Amino acid sequence: MKLTINGKEQDYTGEEDRPLLWYLREDLKMTGTKFGCGVAACGACTVLVDGAPMRACITPAASLQGKAITTIEGLDTPAGKAVQQAWTELDVVQCGWCQSGQMLAAAALLTEKPKPTEQEITDGMNSNICRCATYHRIRGAVARASEIMG
Amino acid sequence: MADTATFSPSRRFVIAALGIGTAGFVVGCNTGTTAPTGPITLTSLGDYVRVGSDNTITVYLRHIEFGQGVSTGLTTIVAEEIDADWSQMRFEHSPADNAKYGNPAFGGMMGTGGSTAIFSSWQQLRAAGASAREMLRQAAAKKFGVDASDVLLVKGKAEGGGKSATYGELAAEAATITPPAVESLQYKDASAYEFIGKDRDPATFFGRLDTPDKVQAKAMYALDYQPEGVLTAVIARSPKFGGKVGSVDDAAAKAIAGVTDVVQISNGVAVVATNFWAAKKGRDALKITWDDSAAETRSTDAMIADYKKVLAKPGLEARKEGTGAAGLRGAGEVITADFEFPYLVHAPMEPLNCVIDYKPGESAVIHSGSQMPTGDQGAACAVLGLTPDKVTITTMLAGGSFGRRATPDADLVSEAAQIAKAINGRAPVKLMWTREDDIRSGKYRPMAVHRMTARINNGAIEAWGDRTAIQSIMEGTPFLPPGTPDFSSIEGSNDIAYDIPNISVDVHLVKNPVSVLWWRSVGHTHTAYAKEHFFDVAARKAGKDPVELRRTLLAKHPRQLAVLNLAVEKAGPLPAGKTRGVAVHHSFSSYVAEVADVTINADGTFHVDRVVCAVDCGIAINPDIVRSQMEGGIGYGLSAILGEALTLTDGAPVQNNLYDYNVLRMNQMPKVEVHIVPSTEPPTGVGEPGVPPIGPAVANALLAATGKTYAKLPLGAKA
Ligand code: FES
Ligand code: FES
């Protein structure tokens, strides 16, 4: 079956129930998408499916035929680039493990709402855990990315 | 800047350990170094500095980068003394080698923790940078045909006699020069610093060195490392602490496509497969009967009740002022409260893992994000029967740790080595812990009860008692002489700075089969809460304003007093409708005060809106990393006091994963402002000291509004 990942077609031949996360990480060696909980509780594995954030750890790869999957490795939308620039300017990262997921969630939020309020940023980002608690800077960086986007 | 995560033989512990002349917990072993490869030539100028033919300067980190910023902090010290341009700077983890890269704060064993990285490296890396600079200067003098004193070094280049050369061009020659004697080294005056103490500036200093790779998801962690043909292993461990494997029926597991091996190891049954999903399914299909004859059977409630029984009697004395416990009897009013602290899980965001490539009788190469690489090497040697020179440890970035990756028993590596041995090194093995394994398999911040007592008389606290029952982190290691209190259980209690005439601090070390470990800020996670919250309770009982009383009783502790005053001043007036609490604490040689502004809603729920933090960590090498460590420390500490608890029923953990072990999310994160006390004192750690004051600051804010004592943690949703 064909999957479209970052604009490239991939031929998926694995098991029906195997989550996309492991196909990305183990088979395609795209390790930017991270494992944090495996049960859709942390957001570390966030990818975009047709632009919307989705948990790769519980979504079988085989269920995504015909959809456009974007991972951190292919995040080159205007919102994605602004997010990466803002994350760099503010030195948001600490350990960094959650940050691919955070940046994808932020890019999805900003694509939908280019000028989010503080409350909308919190609501949009609340399902992504950062155990290093970089939340204070993530908030600032989402606002900064919105500014960069103009 | 110093370490976020914790290990804990802190300085005084190691000094004590050296004093009694014992061996370390795990006998580390030394290897040679891995040679750099690739087309760029790297020239070593000392053990820590390598200059590349491409004019890069790579600093070897003997501490692991797991978010706390050592890759920038340690590199900054070298960049300053070597007179580099920031764009030249790179970092790399050093090889496992105690002789070269041991941490003096850990008695010479390699280790990251106790917020010691900057503290223990400051003088050493200044010397490394200054020494390399002088070697480059001599090389330039030779090349230019001028006197060394006529060579000007600036931004990674040497100039003199109308000529110039980059450090990269001078490196090979510089390496032939005898390093100058350490005593002869001259250090830059602080007024000339270009990087130390400076914030990001697009023209000179570009901030964290690990940011670009982490933002572009190019950073490599151990879990991302996948050698050709690697097999993945997960382990079924006893559901109860202290349980053992009885019998195993692995037929169904072996029938899962992709499962290659099922092997029994010391602490469970490992399922090995061609990928993670198959390994996990295989584990789910195992039928294991556990032998629970030596297992814990109690609930945590029953254990707390047992702890409280023990508290009726005096424990090991840890501090006595005046008449000690006798001072708690006498004129005035005696108040007391039992403070209960649950087990806490570190839950670093990258689940625990390591990768081992074992060639029987020949070698083992281990990729891991470990805080104690030579300890891991020793464990692998012991399991595999190899000599240290045959075991290579490659330290990778780690996705957080908070103390969890500093294990005296080298749990990950010894599990992985046992599995590799059981399959006879047929393929490299990646051992993975699922999040459930992480939450349910122990090495927790110990559960504790502090029995706090104070005698109040004539508007003063005349006596202070702090008696703790806690499971020891250190007991059973050769570092703790029998009959001495485990300092990691009492740090922050026994050094209470308040000038109270009678003080008694004692501790009972309780035994049970649940495994415990240092958790970001170790003993201070509970001692600071008990001390600082009970102080407010006692001050209010005495009719005193808690901040004013702190000022009076900290007169002999100027650094604590200064952070207290700075935080209170910067917090400004309390906004209408909010309540405020303040706490101050000294840990890991740094001083931190935090002011928490809290809103209590009509339904009793509360929200921490803003935290103002003041920190004195000596010279702030990278102020922005100091700020980020305070922000993160406040979030990590707040997470625990609001919602974290690992509880047991019938000896088995109740919580499973991040849906029922509640860690902080963005909606709970306050706004944080950090103020750094200007200082010329040597730099001290910032990874842990931001954690301890937040809990009591919040509890004190709630107390101010409700008059209640918040003695049972976590606080939960309501005031
Ligand atoms: S790993 Fe998918 S949500 Fe946590
Ligand atoms: S940066 Fe470490 S978990 Fe977010």
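Residue numbers start from 1 in every chain, and the chains themselves are labelled A, B, ... in the order their sequence lines are given, proteins ahead of strands. Predicted model only: the values in this text are computed from it and were never measured.
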Practice task
Count the heavy atoms of every other residue, nucleotide or ligand shown that sit under 6.0 Å from NZ of K671(B), and state whether that count exceeds 12.
Solution key: no
Practice task
Counting only heavy atoms closer than 4.5 Å, note whether Q102(A) contacts chain B via side chain, backbone, both or neither.
Solution key: neither
Exercise for the section: For the pair K34(A) (side chain) and E350(B) (backbone), establish whether a donor and an acceptor sit closer than 3.5 Å, ignoring hydrogens and angles. Expected result: no
Completion exercise
Pair count under 4.5 Å, heavy atoms only, with chain A: among G632(B), P670(B), G635(B), highest is G632(B)
Problem - Under 3.5 Å donor-acceptor, Y135(A) side chain and Q668(B) backbone - result: no
Exercise for the section: Against chain A, label D224(B) side chain, backbone, both or neither, depending on which of its atoms sit under 4.5 Å from a heavy atom there. Expected result: both
Exercise for the section: Look at atom NZ of K8(A) and say whether more than 12 heavy atoms of other residues, nucleotides or ligands are closer to it than 6.0 Å. Expected result: no
Practice task
Measure the CG-CE distance between N128(A) and M666(B) for me, rounded to the nearest 0.5 Å.
Solution key: 8.5 Å
Problem - Heavy-atom contact with chain A under 4.5 Å, split by part of R208(B) - result: both
Handout entry: Under 4.5 Å from any heavy atom of chain B - which part of E118(A)
Key = side chain
Handout entry: N656(B) versus chain A, the contacting section by heavy-atom distance below 4.5 Å
Key = neither
Practice task
Please tell me if the side chains of H136(A) and E631(B) come closer than 4.5 Å, counting only heavy atoms from C-beta onward.
Solution key: yes
Handout entry: Contact origin within A398(B) toward chain A - heavy atom pairs under 4.5 Å
Key = backbone
Exercise for the section: Check whether any side-chain heavy atom of R435(B) sits under 4.5 Å from a side-chain heavy atom of V39(A), and report yes or no. Expected result: no
Handout entry: Best-contacting candidate, G96(A), G140(A), C130(A), against chain B by heavy atom pairs under 4.5 angstrom
Key = G96(A)
Handout entry: Rounded distance (nearest 0.5 Å) linking atom NZ of K29(A) with atom CD of Q226(B)
Key = 4.5 Å
Exercise for the section: Name the member of V215(B), L664(B), V230(B) that forms the most heavy-atom pairs with chain A at distances under 4.5 Å. Expected result: V215(B)
Practice task
Drop me the distance from Y659(B)'s OH to C37(A)'s SG, to the nearest 0.5 angstrom.
Solution key: 9.5 Å
Exercise for the section: Evaluate whether atom CD of E112(A) has more than 12 neighbouring non-hydrogen atoms of other residues, nucleotides or ligands under 6.0 angstrom away. Expected result: no
Problem - Non-hydrogen side-chain atoms of L223(B) and F35(A) separated by less than 4.5 Å - result: yes
Handout entry: Minimum side-chain heavy-atom gap D17(A)-W277(B) below 4.5 Å
Key = yes
Practice task
Taking the side chain as every heavy atom from C-beta outward, state whether R131(A) and F402(B) have any atom pair closer than 4.5 Å.
Solution key: yes
Practice task
Under 4.5 Å, counting heavy-atom pairs only, tell me which of A219(B), G400(B), S639(B), S628(B) racks up the most with chain A.
Solution key: S628(B)
Fill in the blank from the handout: Looking only at heavy atoms, the pair that brings C98(A) and M349(B) closest together is CB-CG, 4.1 Å
Handout entry: Smallest separation among heavy atoms of Q94(A) and D210(B), with atom names
Key = O-OD2, 3.9 Å
Problem - Per-residue contact mode, K281(B) against chain A (heavy atom under 4.5 angstrom) - result: side chain
Completion exercise
Sorted by chain and residue number, the ring-ring contact (aromatic ring centres under 6.0 Å, His included) partners of W87(A) (sequence neighbours excluded) come out as none
Exercise for the section: Between chain A and each of V672(B), D438(B), L658(B), count heavy-atom pairs under 4.5 Å; write down the option with the most. Expected result: V672(B)
Completion exercise
Note: P351(B) and G36(A) closest approach over all heavy atoms is CG-O, 3.9 Å
Handout entry: Residue pair F276(B) / R25(A), side-chain heavy-atom distance below 4.5 Å
Key = no
Problem - Approximate separation, where rounding is to 0.5 Å, of Q68(B) CD and C132(A) SG - result: 9.5 Å
Practice task
Verify, without hydrogens or angle tests, whether N667(B) (side chain) and N126(A) (backbone) share a donor-acceptor contact under 3.5 angstrom.
Solution key: no
Handout entry: Nearest-0.5 Å distance that lies between atom CD in E65(B) and atom SG in C95(A)
Key = 9.5 Å
Problem - Interface moiety of I72(A) toward chain B, non-hydrogen atoms closer than 4.5 Å - result: side chain
Exercise for the section: Any chance you could measure T211(B), atom OG1, to D91(A), atom CG, to the nearest 0.5 Å? Expected result: 3.5 Å
Fill in the blank from the handout: Looking only at E89(A), R18(A), Q99(A), the option with the highest number of non-hydrogen pairs under 4.5 Å against chain B is R18(A)
Problem - Region of S100(A) that comes under 4.5 Å of a non-hydrogen atom in chain B - result: side chain
Problem - Residue, of A41(A), C42(A), A40(A), that accumulates the most heavy atom pairs under 4.5 Å with chain B - result: A41(A)
